[in-house]
Amino acid sequence: MRTPVIAGNWKMYKTARQAAETIRSLADLVKGVQGVEVVICPPFTALAAAVEAAKGSPVAIGAQDCYWEKEGAFTGQVAVPMIADLGCSHCIVGHSERRQFFGETDATVDKKIEAVLANGLNCIACVGETLAEREAGQTFAVLERQVRNGLSRHLTSARLVIAYEPVWAIGTGKTATPVQAQEAHAFIRQVVAEAASPAAAQAVRILYGGSVKPDNIATLMAQPDVDGGLVGGASLDAASFAKIVRFRG
Ligand code: PEP
């Protein structure tokens with residue numbers, strides 16, 4: 001049995017004070033929820049306040065990105081030991097916005113995952129095709145390339161979580177249908193089986209991301225290979241995110 005993960009990606013929203021307020025409300029709303037791992041990933045500047053606000057609650061805190069070197073002359077970068085030092089337990093790697101706007105590649109994704117896992121954190125590694133790639137019939141080829149080139153050295157780690165995020169569904173209000181999500185997740189699991197082992201494929205959690213909302217999470221979660229959600233917009237509001245966390249009703 002794979003324990004579901006519901007993770008919120010706050011992107012470049014919320015000051016430290018706003019983050020703390022939202023997390024305190026969320027902690028209240030998800031109190032007593034069993035059998036779901038809950039993660040919130042605020043901006044770097046709000047991580048310390050978020051960790052403090054989440055203390056004693058089931059809400060884990062993660063960063064949205066990291067750099068792979070542990071320290072050095074890398075202006076503007078944040079190292080994984082620094083993220084761990086704040087009390088964070090998770091880090092997102094390879095989000096499509098990082099790939100699209102900040103030059104993230106499968107090779108840098110691989111190095112970042114290595115750093116995250118080596119420092120004892122959980123890694124949420126993102127893959128997903130663009131609209132042009134889907135329309136050109138390249139979805140499976142893109143997913144296979146991203147998993148094999150970026151993730152394959154790390155697939156046996158219990159601390160690696162994969163997020164399938166079709167780029168055309170992120171922030172657009174267009175959700176993949178449950179059938180499209182299931183098809184992509186099953187494909188990714190098959191690639192994991194081939195690249196690592198059938199046991200690793202059965203164990204790895206694969207989250208769906210792309211316009212997840214309180215009213216579509218249950219049908220997505222009903223798919224056998226969907227093990228949770230990576231939620232952008234709908235994670236910014238505590239009440240809406242709590243409803244997603246409580247997808248079982
Ligand atoms: C995301 O940021 O990973 C995401 C899926 O965003 P949204 O839920 O807003 O589409």
Side-chain angles (χ1 to χ4, degrees), residues 1-14 18-19 21-43 50 54 57-62 64 90 92 95-97 124-131 134-135 139 143 161-189 204-249:
M1 266 305 282
R2 298 182 291 266
T3 304
V5 180
I6 302 289
N9 170 19
W10 282 358
K11 312 194 185 198
M12 201 173 71
Y13 293 100
K14 294 189 192 287
Q18 291 165 339
E21 276 170 16
T22 308
I23 286 166
R24 279 195 292 269
S25 307
L26 177 65
D28 235 31
L29 293 166
V30 301
K31 208 180 274 170
V33 175
Q34 303 270 317
V36 187
E37 292 176 18
V38 184
V39 186
I40 288 286
C41 301
S57 86
V59 181
I61 303 298
Q64 298 170 16
H90 289 69
I92 297 172
H95 191 278
S96 66
E97 288 153 15
I124 302 175
C126 305
V127 296
E129 81 287 359
T130 63
L131 183 60
R134 176 163 281 266
E135 287 177 347
T139 298
L143 295 177
V161 172
I162 301 175
Y164 167 61
E165 297 209 304
V167 180
W168 48 272
I170 297 179
T172 58
K174 282 189 203 156
T175 317
T177 64
V179 171
Q180 285 172 322
Q182 169 56 27
E183 192 181 48
H185 284 226
F187 177 77
I188 292 167
R189 207 176 293 287
V204 72
R205 272 89 56 90
I206 307 178
L207 317 185
Y208 168 77
S211 299
V212 171
K213 303 276 181 276
D215 62 2
N216 61 24
I217 184 69
T219 46
L220 288 161
M221 290 303 294
Q223 303 305 309
D225 287 295
V226 176
D227 305 314
L230 180 54
V231 187
S235 71
L236 291 165
D237 176 68
S240 134
F241 189 66
K243 282 186 197 147
I244 296 173
V245 170
R246 293 182 176 277
F247 66 90
R248 293 188 181 98

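Position 1 is the first residue of the sequence; numbering continues from there.
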(message) Tell me if a side-chain donor or acceptor on Glu165 pairs with a main-chain N or O of Gly128 at a distance below 3.5 Å.
(response) no

(request) Search all heavy atoms of Ile124 against all heavy atoms of Ala163 and return the closest pair with its distance. (result) CG2-CB, 4.0 Å

(request) Could I get the full list of side-chain hydrogen bond (donor to acceptor under 3.5 Å, both in side chains) partners for Gln223, not counting sequence neighbours? (result) none

(request) Report yes or no: does Ser235 contribute a side-chain atom to a donor-acceptor pair with the main-chain N or O of Phe241 at less than 3.5 Å? (result) no

(request) Please report the shortest heavy-atom distance between Ala50 and Pro42, naming the atom on each side. (result) CB-CG, 3.7 Å

(request) Would you sort out whether Val231 and Ile217 count as a side chain to side chain contact (heavy atoms under 4.5 Å, CB included), showing the intermediate values? (result) CA-CA 10 Å; Val231 187; Ile217 184 69; 5.9 Å; no

(request) Side-chain contact test, heavy atoms from C-beta onward, threshold under 4.5 Å: evaluate it for Ile61 versus Ile23 and give yes or no. (result) yes

(request) Determine the minimum heavy-atom distance between Phe247 and Pro4, stating which atoms define it. (result) CZ-CG, 4.1 Å

(message) Would you say CZ of Phe187 has more than 12 non-hydrogen atoms from neighbouring residues, nucleotides or ligands within 6.0 angstrom?
(response) yes

(message) Please check this pair: side chain of Asn9 against backbone of Gly232, looking for a donor-acceptor N/O pair closer than 3.5 Å.
(response) no

(message) I'd like to know if the side chain of Thr130 reaches the main chain of Val167, judged simply by a donor and an acceptor atom lying under 3.5 Å from each other, with no hydrogens or angles considered.
(response) no

(request) Check whether any side-chain heavy atom of Ile170 sits under 4.5 Å from a side-chain heavy atom of Glu97, and report yes or no. (result) yes

(request) Give the intermediate values and the outcome of side chain to side chain contact (heavy atoms under 4.5 Å, CB included) for residues Val30 and Val36. (result) CA-CA 10 Å; Val30 301; Val36 187; over 6 Å; no

(request) Check Cys126 against Leu230 and note the closest heavy-atom contact, atom names and distance. (result) SG-CD2, 3.8 Å

(request) Name the orientation class of the two ring planes belonging to Tyr164 and His185 (parallel below 30°, tilted from 30 to 60°, perpendicular beyond 60°). (result) perpendicular

(request) Could you tell me whether the side chain of Pro224 reaches within less than 4.5 Å of the side chain of Gln182, counting heavy atoms only? (result) yes

(message) Whether the side chain of Arg248 engages the backbone of Gly35 through a donor-acceptor N/O pair (distance < 3.5 Å, no angle test) should be reported.
(response) yes

(request) Please check if the side chain of His90 supplies one atom and the backbone of Gly62 the other of a donor-acceptor pair under 3.5 Å. (result) no

(message) Please give me the minimum heavy-atom distance between Arg189 and Asp227, naming the atom from each residue.
(response) NH2-OD2, 2.7 Å

(message) Using only atom types and a distance under 3.5 Å, with no angle test, would you say the side chain of Arg2 pairs donor to acceptor with the backbone of Gly228?
(response) no

(request) Run the numbers on Gln180 and Thr139 for side chain to side chain contact (heavy atoms under 4.5 Å, CB included), then give the verdict. (result) CA-CA 11 Å; Gln180 285 172 322; Thr139 298; over 6 Å; no

(request) Step by step, work out the side chain to side chain contact (heavy atoms under 4.5 Å, CB included) result for Ile162 and Ile188. (result) CA-CA 9 Å; Ile162 301 175; Ile188 292 167; 4.1 Å; yes

(request) Report the distance from atom CD of Glu183 to atom CG of Leu143, rounding to the nearest 0.5 Å. (result) 10.0 Å

(message) Taking Val5's backbone N and O only, do any of them form a donor-acceptor pair with Arg205's side chain (distance below 3.5 Å, no angle check)?
(response) no

(request) State whether the side chain of Trp10 and the backbone N or O of Ile40 hold a donor-acceptor pair below 3.5 Å, judged by distance alone. (result) no

(message) Between Asn216 and Ser211 (side chain of the first, backbone of the second, donor and acceptor by atom type, cut-off under 3.5 Å), is there such a pair?
(response) yes

(request) Write down the atom of Ala176, the atom of Ala181, and the distance for their closest heavy-atom approach. (result) CB-N, 4.3 Å

(request) Determine whether Cys41 and Gln64 make a side-chain contact, defined as any pair of heavy atoms from C-beta on separated by less than 4.5 Å. (result) yes

